[in-house]
Amino acid sequence: MPYHIVYSIIHMCVMFVGNVTLFALWGDNMTMATGNLYFDKYSPVGDIVVIAVCSVILVLVLTSFIKKSKSFGLFMNMVIYIVLAAVSDIIYHNAFNHITDSNYTIVYIFRILYHIFLFSILLLYVVYILEIQRIEMSRRYNFMLISTLLYIAVIVLDIVMTVTGSGFHINSDRTVTQGSNIFLWGYLAFMVVILYLMIANRNRIYRQVMNGFYGTMSVAFIILYLEGRAGQSSYTVATFLLPVLAMLYLIHSTPYNIEIGAISAIALRDTISYNYNRNIDFIFMSMLLPDFDVEGKSFSKELQEVIRRFSNEFFKGSILFQVSNGHVVMFARKKNNPDYENKINMLINAFYPEYEKFQYDYKIVVGESIEEISRKNEYISFIKNIYRNMEMNSFHMVNYDDVTSFNRYEYILEELGDIYRRRDLRDSRVLAYCQPVYNIAEKKYDTAEALMRLKLPEIGLVYPDQFIPLAEENGYIHVLTEIILQKSCDEIRHLLSEGYDVKRISVNVSVLELRDEGFTDDIHRIIEASGIPEDKIAIEITESQSESDFMLMKDKVEELKEKGIKFYLDDFGTGYSNMERIMEVPFDIIKFDRSLVLASDSNEKSESMVSSLANMFSKLEYSVLYEGVENDLDEERCINMHATYLQGYKYSRPIPIIELSRFFTKIV
């Protein structure tokens with residue numbers, strides 16, 4: 001049997017036996033009490049401290065960010081009931097000391113209320129454990145029913161025995177008789193339920209979190225035991241508070257994911273800073289599971305178990321951090337793992353059978369601490385940059401080339417941030433390129449697609465695949481679109497003034513930009529200020545899978561179409577193409593991706609399918625543009641497949657937009 005299971009069972013058994021002994025002693029002390037001894041030994045200090053601590057908890061909760069989950073609601077109810085129990089305890093002891101007419105009704109009432117509040121806390125403990133362990137609803141119902149019936153039975157018996165005098169009783173000479181201690185047996189019954197839940201479902205929660213609860217409950221037992229030996233009851237409520245403090249620290253105020261044992265990215269930065277300041281070297285292993293790296297999605301129970309096991313088995317003293325829903329990083333000190341290279345190989349070998357079982361796509365990065373990255377505390381960004389250049393389902397060992405690549409990435413991101421802040425629509429660092437588009441019917445070039453490049457002082461020319469994703473991730477993309485639109489408008493105005501036939505130039509727009517309420521106003525303002533006809537500009541946009549983004553796209557397209565702007569559906573044939581949605585949006589041109597051009601060359605069936613799609617769009621009065629045309633055979637095939645426009649390296653590679661006059665013709 002694994003040592004940690006033995007450890008858990010021993011803890012629980014000690015606590016259970018100890019509590020039985022404790023309450024037996026406590027009951028004896030209370031039964032033997034004479035005169036005011038039982039009440040004289042009580043001090044309100046313990047309950048006052050409890051009220052103060054609960055007040056501090058409430059202040060901290062109100063002034064810090066805590067996820068308002070169902071378990072947090074249960075936690076807050078526990079805090080409230082603990083305060084009520086402490087107040088009731090103070091009142092009923094104080095009432096006894098001030099009563100002179102032997103009418104102890106108020107003492108009995110507040111003592112019963114005190115017990116009601118304590119048992120309410122125990123009932124909430126059960127509900128809380130069921131919630132954080134994510135027990136199935138059928139099993140949860142059974143435990144809830146048992147606990148609720150137990151709660152009702154104990155309270156009713158306590159009231160009945162108090163009223164009949166067979167329980168707690170204050171005699172006419174002010175001596176106290178305990179009688180049958182229903183509180184003791186009710187407490188023990190709840191402990192059986194709680195301990196069973198914690199032991200039977202221990203694997204549902206990360207071991208370190210469970211150990212925190214075990215330790216806290218052990219301290220509570222020791223206090224109760226010492227209190228019972230002394231015939232005291234001043235700190236009973238405090239022992240109920242200790243597990244609640246453990247909940248606050250381990251679950252609600254700390255970044256622990258109790259199901260896999262991971263801590264948040266904030267804790268990762270703190271850990272790296274701590275180790276760097278003390279010159280402690282470490283190793284790390286980062287895993288990205290893209291299927292889970294979306295909002296609202298979490299690892300399956302089976303996968304949680306694997307992650308928990310892997311984070312504990314291979315590296316001594318390892319810590320797991322959760323950067324995002326599908327991204328975890330394991331961290332361990334090198335000095336604690338001198339054979340870490342062998343352990344990494346062991347872990348990788350153990351990983352493959354699990355991959356065969358789950359078949360989730362992954363990317364894994366393994367490395368040692370790097371002084372430059374540790375100093376800047378940029379491991380999350382560093383790892384993400386490595387992921388960008390990795391193929392799916394692959395491992396990568398960090399090397400210094402990755403640091404060079406990351407420094408380049410950081411520099412590009414810094415420049416993008418500066419471009420965004422300046423908002424200079426003619427910023428010289430953003431270059432306007434274009435690719436001419438051949439009009440088959442007119443047998444000439446009269447349209448083009450505007451493209452972006454960056455030219456940065458320290459590294460020169462930067463291509464879109466290196467900066468567009470960064471701009472989208474960091475909210476800079478719309479400013480870049482505005483700049484390229486402005487420069488396209490400038491060139492159109494110049495070409496028109498020189499007498500060239502310019503049908504339109506298209507500008508690519510990210511779906512993310514459509515979420516900006518001012519998007520349409522920004523586009524219209526730039527075109528209008530440039531003094532060119534609206535129909536000389538077209539916007540290329542890729543269809544989105546998101547229902548909300550689709551509705552935004554539809555609204556924005558319709559709004560700008562009213563002003564004369566044309567719209568292209570970009571990248572048709574890649575990823576997600578919903579014909580019903582396409583028909584709902586008033587596009588003018590359907591742009592067939594290069595992949596369809598290649599597919600049409602593979603066999604007659606594929607060519608027939610692509611041709612049929614293009615023919616359908618043509619009959620529906622859409623223009624069809626094939627991109628990626630590279631040779632005469634591609635051109636001939638696309639023309640036969642109902643093409644309206646052709647674009648690709650056969651006609652021109654991307655050129656600076658100011659060279660477009662080499663392709664366009666002047667109006668005679």
Side-chain angles (χ1 to χ4, degrees), residues 363 381-392 396 401-420 422 424-437 447-488 490-491 505-513 538-542 568 570-571 574-575 591 593-595 597-598 625-630 647-660 662-663:
K363 292 182 181 181
S381 298
F382 177 62
I383 292 168
K384 286 182 178 179
N385 188 59
I386 295 174
Y387 281 150
R388 286 188 184 93
N389 302 314
M390 286 178 64
E391 293 183 0
M392 198 62 72
H396 179 81
D401 288 342
D402 295 320
V403 179
T404 302
S405 173
F406 178 64
N407 288 336
R408 176 184 172 87
Y409 153 83
E410 288 280 275
Y411 174 66
I412 293 172
L413 187 59
E414 182 182 338
E415 289 291 306
L416 285 172
D418 187 63
I419 291 169
Y420 173 80
R422 289 176 183 271
D424 177 3
L425 297 187
R426 292 182 176 84
D427 196 307
S428 61
R429 291 169 291 183
V430 181
L431 304 183
Y433 272 59
C434 70
Q435 191 172 30
V437 175
T447 64
E449 177 186 3
L451 304 168
M452 251 186 288
R453 303 285 188 268
L454 294 184
K455 188 174 183 181
L456 304 179
E458 294 184 14
I459 58 177
L461 203 62
V462 183
Y463 291 91
D465 62 324
Q466 297 174 333
F467 69 85
I468 293 294
L470 298 183
E472 289 182 328
E473 289 173 17
N474 293 276
Y476 302 149
I477 188 64
H478 184 53
V479 169
L480 294 181
T481 298
E482 288 183 303
I483 293 173
I484 206 68
L485 175 62
Q486 179 65 64
K487 294 192 174 188
S488 296
D490 290 346
E491 184 59 24
I505 292 179
S506 63
V507 175
N508 287 279
V509 166
S510 169
V511 174
L512 300 177
E513 297 180 63
I539 291 176
E540 296 194 19
I541 191 165
T542 304
Y568 289 39
D570 197 11
D571 296 333
T574 63
K591 195 169 184 179
D593 187 74
R594 164 71 177 161
S595 61
V597 177
L598 293 173
L625 188 160
Y626 286 96
E627 63 179 342
V629 178
E630 295 188 351
Q647 178 181 349
Y649 284 179
K650 170 176 169 50
Y651 310 105
S652 174
R653 290 179 176 273
I655 58 172
I657 198 168
I658 59 175
E659 297 180 15
L660 195 54
R662 293 195 290 110
F663 291 85

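Every heavy atom of this structure was used, including side-chain atoms; hydrogens, water molecules and symmetry mates were not.
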Where [X] and [Y] come nearest, the two heavy atoms and their spacing:
{"X": "V507", "Y": "S488", "result": "CG2-OG, 4.0 Å"}
{"X": "R408", "Y": "V462", "result": "NH2-CG2, 4.1 Å"}
{"X": "N508", "Y": "A450", "result": "ND2-O, 3.6 Å"}
{"X": "D427", "Y": "K487", "result": "O-NZ, 2.8 Å"}
{"X": "A538", "Y": "Y568", "result": "CB-CE1, 3.4 Å"}
{"X": "P469", "Y": "P464", "result": "CD-O, 3.7 Å"}

A side-chain contact here means heavy atoms from C-beta on lying under 4.5 Å apart; do [X] and [Y] qualify?
{"X": "D571", "Y": "K591", "result": "no"}
{"X": "T447", "Y": "S506", "result": "no"}
{"X": "L485", "Y": "E482", "result": "no"}
{"X": "I484", "Y": "L480", "result": "no"}
{"X": "L413", "Y": "N474", "result": "yes"}
{"X": "I419", "Y": "L454", "result": "yes"}
{"X": "F382", "Y": "V403", "result": "yes"}

Exercise for the section: With sequence neighbours left out, write down each residue that passes side-chain contact (heavy atoms from CB on, under 4.5 Å) with I658, or none if nothing qualifies. Expected result: E491, P656
Handout entry: Summary of side chain to side chain donor-acceptor pair (under 3.5 Å) pairs that have at least one residue in residues 451-462, sequence neighbours excluded
Key = none
Problem - Residue among E627, Q647, E449 satisfying side chain to side chain donor-acceptor pair (under 3.5 Å) with Q435 - result: Q647
Problem - H396-N389 side chain donor-acceptor pair, cut-off 3.5 Å - result: no
Handout entry: Qualifying residues under salt bridge (Lys or Arg N to Asp or Glu O under 4.0 Å), relative to E473, sequence neighbours excluded
Key = R388
What distance separates [X] [atom1] from [Y] [atom2], expressed to the nearest 0.5 Å?
{"X": "Y411", "Y": "I459", "atom1": "OH", "atom2": "CD1", "value": "6.0 Å"}
{"X": "I412", "Y": "Q466", "atom1": "CD1", "atom2": "CD", "value": "5.5 Å"}
{"X": "I655", "Y": "Y433", "atom1": "CD1", "atom2": "OH", "value": "10.0 Å"}
{"X": "I539", "Y": "D570", "atom1": "CD1", "atom2": "CG", "value": "12.5 Å"}
{"X": "L431", "Y": "L461", "atom1": "CG", "atom2": "CG", "value": "6.5 Å"}
{"X": "T481", "Y": "Y476", "atom1": "OG1", "atom2": "OH", "value": "15.0 Å"}

Can you tell me if [atom1] on [X] sees more than 12 non-hydrogen neighbours from other groups inside 6.0 Å?
{"X": "R662", "atom1": "CZ", "result": "yes"}
{"X": "Y420", "atom1": "OH", "result": "no"}
{"X": "K384", "atom1": "NZ", "result": "no"}

Handout entry: Donor-acceptor contact present, side-chain K363 to main-chain Y387, <3.5 Å
Key = yes
